[in-house]
Amino acid sequence: MIRIPCPFCGERDHSEFSYGGDGSIEYPELDAPAEQWHDAIFLRENIRGMQTETWQHSSGCRLWLLVERDTMTHEIRSVRAAHDGIARAMEASR
Amino acid sequence: MTRFSAWNVIRNGFSGQQGWSRQWRDPEPRAEYDAIIVGAGLHGLATAYYLAKNHGISRIAVLEKGWLGGGNAGRNTTIVRSNYMMPGNREFYEHSLKLWEELSHELNYNVMFSQRAHVSLFHSPGARDAAARRYNSMRLTGSDGELWDLDTLKHEIPHLDYNNARFPIIGAAVQRRAGTARHDAVAWGYARAADALGVDIIQNCEVTGVRRDGARIVGVDTSRGPIDGKKIGFAVAGNSSRLWQMAGLGRLPIESHKLQAFVSEPLKPLLDQVVVFGVGGAHFYISQSDKGGMVFGGDIDWYKSYAQRGNLPIVQDTAEAAMSILPCLGRVRLLRHWSGVMDMSMDGSPFICKTPLDNLYLNAGWNYGGFKASPASGWYFADLIANDRPHEVIANHDLQRFERGVNIDERGAGPDPKLHG
């Protein structure tokens with residue numbers, strides 16, 4: 001079991017969370033060329049090692065999170081709210 | 001190498017089993033080969049075999065970082081079937097099943113292929129209609145398929161739970177020619193047959209680098225020194241992205257996920273078929289091995305991973321699914337469980353294709369389905385490497401299919417690898 005420290009709820013089992021996917025993807029503008037959309041949707045770095053990914057605390061606070069996790073050891077380095085504004089607000093209120 | 005035959009079995013029975021030779025050589029790598037296959041799993045070994053057998057290429061090496069058949073070849077549930085519907089997949093998997101039917105004779109090695117029927121349960125009229133469409137498509141394209149009503153199913157498999165109020169079983173879609181095989185025997189059989197045709201299988205030989213000359217691949221650096229190849233094929237599903245990046249080719253439409261499987265303590269004969277249960281988010285498949293162990297599995301672990309170890313929530317999910325259809329398993333103890341790393345692709349279908357490099361070929365993206373595919377995978381990959389053009393059956397198994405809008409999405413799940421279970 002991976003334990004994920006949710007910034008809102010505290011450390012919980014990963015079974016409380018839903019896995020999103022690769023969090024490093026940046027989607028292009030809506031009117032960007034098809035190749036850019038193709039690359040964003042279909043191609044992956046598929047890192048073996050530390051990668052940024054999205055998880056949602058779906059059985060908890062329902063926040064979407066950006067998690068830095070090692071895909072080989074499953075070690076978690078950092079967790080923060082995926083939405084920048086929420087992440088900043090939570091930082092400020094610490 | 002001694003050929004297996006009834007005569008040789010009897011003769012060696014009387015001579016203390018002294019007349020057998022080793023099954024394949026342990027050669028030192030040469031400096032150069034006509035063709036190099038990276039990965040001595042089922043797909044790599046089958047490719048080497050068909051390259052030598054069908055295309056007469058003589059100087060072939062298969063490089064393996066560990067021991068042959070030690071990756072996903074030994075980490076699956078050994079199910080063989082061809083109940084795919086999408087154009088491309090339909091012909092491909094049917095060809096594979098036909099190769100399976102003759103494989104033991106072809107390789108002079110008993111792969112213990114058992115056509116015990118693949119029984120896919122359905123639980124609603126809608127699911128029955130979908131199954132009828134799929135299995136009729138199979139019948140119309142040279143395969144077999146049938147629908148069992150509840151009475152037939154109860155007669156064939158009386159000990160399923162037919163009293164499940166939430167998801168009552170109403171019938172099953174069945175492919176009788178489907179079944180299981182002995183996974184190690186397939187790896188050993190292909191290795192032995194390829195070796196007999198002169199293929200060098202080089203184990204403990206990890207590829208550490210890829211040498212290029214512009215748009216050509218020259219060779220690979222390995223833990224046993226540099227090896228050049230006129231043509232090179234990658235067949236390392238699970239780690240395709242890493243080798244791809246080693247070749248400086250960027251990103252693939254693949255994520256590596258892990259899939260767990262389980263085997264119970266051996267039981268007396270309990271289940272004659274492969275039974276599949278999938279409804280309401282559950283996913284479960286089970287058969288009984290020749291040693292009596294119940295072999296079963298479920299979904300992938302949901303998050304990306306290269307670790308060959310599974311998590312406990314999936315163990316629970318799978319156990320719950322088992323109890324939903326076969327409550328008689330409730331007190332059976334688990335003997336082992338394991339996890340393999342899968343190339344999960346963006347549409348759930350594989351890649352057997354040319355690459356941006358002229359003489360490099362890719363075999364990847366097998367999702368859950370690599371075991372059953374291995375004979376045809378080797379067959380078509382060898383055909384691609386030898387003739388430098390894809391066979392028409394695998395015309396859309398290339399990396400550009402998403403650009404063309406030709407997704408081979410059997411499940412209709414969209415471009416999210418974790419959904420293509």
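As the structure is a computational prediction, the values presented were derived from the model and not from experiment. We name chains A, B, ... by the order of the sequence lines, and we start the count at 1 in each one.
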### Query
Where on Leu252(B) is there a heavy atom nearer than 4.5 Å to chain A: the side chain, the backbone, both, or neither?
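Only the backbone of Leu252(B) comes within 4.5 Å of chain A.
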Show the pairs of one donor and one acceptor atom, one from chain A and one from chain B, lying under 3.5 Å apart.
| unit_1 | atom_1 | unit_2 | atom_2 | d |
| --- | --- | --- | --- | --- |
| His14(A) | NE2 | Asn311(B) | ND2 | 3.3 |
| Tyr19(A) | O | Lys418(B) | NZ | 3.4 |
| Gly20(A) | O | Lys418(B) | NZ | 2.7 |
| Arg44(A) | N | Leu252(B) | O | 3.0 |
| Arg44(A) | NE | Glu255(B) | OE2 | 3.0 |
| Glu45(A) | O | Gln245(B) | NE2 | 2.8 |
| Asn46(A) | O | Tyr306(B) | OH | 2.7 |
| Asn46(A) | OD1 | Ser256(B) | N | 2.9 |
| Asn46(A) | OD1 | Lys304(B) | NZ | 3.2 |
| Asn46(A) | ND2 | Ser241(B) | OG | 2.7 |
| Asn46(A) | ND2 | Ser256(B) | OG | 3.1 |
| Asn46(A) | ND2 | Tyr306(B) | OH | 3.3 |
| Ile47(A) | O | Lys304(B) | NZ | 3.0 |
| Gln51(A) | OE1 | Lys304(B) | NZ | 3.1 |
| Arg69(A) | NH1 | Lys304(B) | O | 3.4 |
| Arg69(A) | NH2 | Lys304(B) | O | 2.5 |
| Thr71(A) | O | Tyr306(B) | N | 2.8 |
| Thr73(A) | O | Arg309(B) | NH2 | 3.2 |
| His74(A) | NE2 | Ser305(B) | OG | 2.7 |

### Query
Take atom CD in Glu29(A); do more than 12 heavy atoms of anything else shown fall under 6.0 Å from it?
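Atom CD in Glu29(A) is not packed in, count stays at 12 or less.
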### Task
Just give me the residue among Ile254(B), Val341(B), Leu312(B), Leu399(B) that pairs up with chain A most often, heavy atom to heavy atom, under 4.5 Å.
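Heavy-atom pair counts peak at Ile254(B).
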